[in-house]
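Structure first, then comments.
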Number of protein chains: 2
Amino acid sequence: MVSVLVIDDEEDIRDILIYNLKKEGFNAYAAENGEKGMELLKSVHPDLVLLDVMMPGMDGIEVCEAIRNLPGLERTLICFLTARSEDYSQIAGLDAGADDYVSKPIKPKVLISRIKAMLRRKGMVEPEEKSADGRLVINRDKYLVERNGEVMHLPRKEFELLALLASRPGHVFERDVILEKVWGTDIVVGDRTIDVHVRKLREKIGEGMIKTIKGIGYKFVEQLS
Amino acid sequence: MVSVLVIDDEEDIRDILIYNLKKEGFNAYAAENGEKGMELLKSVHPDLVLLDVMMPGMDGIEVCEAIRNLPGLERTLICFLTARSEDYSQIAGLDAGADDYVSKPIKPKVLISRIKAMLRRKGMVEPEEKSADGRLVINRDKYLVERNGEVMHLPRKEFELLALLASRPGHVFERDVILEKVWGTDIVVGDRTIDVHVRKLREKIGEGMIKTIKGIGYKFVEQLS
DNA sequence: TTGTATCCATGTATATTTCATAAATTCGCT
DNA sequence: AGCGAATTTATGAAATATACATGGATACAA
């Protein structure tokens, strides 16, 4: 099930969001400030964080940047909650790595709709109908990858590698970046390990999907319109 | 280059959006109603459509759904422009397949920021370093060089060399500076190595781009804008 | 056992560098 | 200026180095 963490210092807001999120079938958690939010984040690993910008202590921007630097949470969705006038926050927030933002006062129906749109973009909820054009749908929730309606299970490392590459089609991930994001900074593995995992991925999802950029790294192919 | 189509019935809005989009380096097109927008869509295949919801004739929702059903345009980004109060439109718009929406009155900086966030999510653009030069775009994110819409891949040393020269068009880089920046201080290579790489670059990106300053080094030609 | 992850040895493609020679430019001299 | 010599860069081809793909081996755990 998709889980959502709300970080906001106003109790009323937390309550109303939790209520609506649960009503929609999400797992909902709340924290009243950035520090407590970070604690919860490390234990529950939510799929989405709703993050108030203006908070005492760590503000939303700081929390957002901290999340982006936490290993394993780089792909957590982040949505800012901003007061109507805070244009600067909007820009800074998106640049800080947020995926979206919603202006206060928050209308629950709008928020839910935006959340669903975000999840859909990440392939985290089943889209009703999918195009049979060979595109991949990556379901992080279940460690499944779907291609043309056919689902396949991938081992953890292969899945993480694929999810990383596919998160930004066209972007070239350098080998050391891949090592850091998929294996972590502390683990030491040989250079050939990446190749081997790429090979297995290619065997499973098809040859054309992952391209080698010699001397640099790998990329997931862009869509050809 | 990323191209954007604006569909809005208000001329003022169209003008201001076109102006700002072009200033940011996008290819910008405009249409004054849904029908004309659809015509343009089929010919220019834009990457992103900015779509007014309330329009005489086809409204934004209808256009959005029509776009999603056009072969080849399923993945075109769609961003709605909505009046502040139209909550229903917001929800319907996102459900109709829009990727985002921006409320009027539109603040150009906010809009541009949102556009970039959308493109980034699709991996379509990287704001990093490009030479503001119309003819050659160096995309470090994708390790690609684009010339007149045609993309090419360069090997590592050639790419780094080109990126260095193009980072300051008109500036003459001395040979030892090039060696230091591209090859590093510890590596020792013969002097002819630079020439050979320059030659390969010229073969690939065209003869006129890199000029030799005999006895000193090389420079990337300045643009005559 | 089966599935997963890593490593190793080898082959192969390609990137990079070197080299010999030609062409271009600069310099020194009258 | 003109002319040849010296210096510097361009060019073609070949040699070397590097990075990746691949098949298979190993280790370990469920």
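Proteins come first, then strands; the chains are lettered A, B, ... in the order of their sequence lines, and each starts at number 1.
- Counting non-hydrogen atoms under 4.0 angstrom, B:Val196 reaches a base of the nucleic acid.
- In this pair, A:Trp183 and A:His197 present their aromatic rings perpendicular. The plane angle is above 60°, beyond the 30 to 60° band.
- To the nearest angstrom, C1' of D:dA19 lies 12 Å from CD1 of A:Ile194.
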Chi angles and distances behind the side chain to side chain contact (heavy atoms under 4.5 Å, CB included) call for A:Asp191, A:Arg175: CA-CA 8 Å; A:Asp191 239 14; A:Arg175 298 181 78 94; 4.1 Å; yes
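- On a pure distance criterion of 3.5 Å, no polar donor-acceptor pair joins the side chain of B:Lys214 and the base of D:dT9.
- Here NZ of B:Lys22 is found 12.0 Å from CG of B:Asn20. Values are rounded to the nearest 0.5 Å.
- Distance CZ/B:Phe80 to CG/B:Leu50: 11.0 Å, rounded to 0.5 Å.
- Nucleic acid contact for B:Tyr218: sugar-phosphate only, since backbone atoms but no base atoms lie under 4.0 Å from a heavy atom of the residue.
- With rounding to whole Å, B:Lys157 atom NZ is found 15 Å from D:dA17 atom P.
- Counting to the nearest Å, the C1' atom of D:dT11 and the CZ atom of B:Arg202 are 11 Å from each other.
- With rounding to the nearest 0.5 angstrom, the CD1 atom of A:Ile213 is 11.0 Å from the CG atom of B:Leu154.
- For the pair A:Lys204 and A:Val188, both in contact range of DNA chain C, the more 5′-proximal nearest nucleotide belongs to A:Lys204.
- Running 5' to 3' along DNA chain C, contacts with non-hydrogen atoms of chain B at under 4.0 Å begin and end at C:dA15 to C:dT25.
- Checked for salt-bridge contact, A:Glu158 and A:Arg199 miss the test: no charged N lies under 4.0 Å from a carboxylate O.
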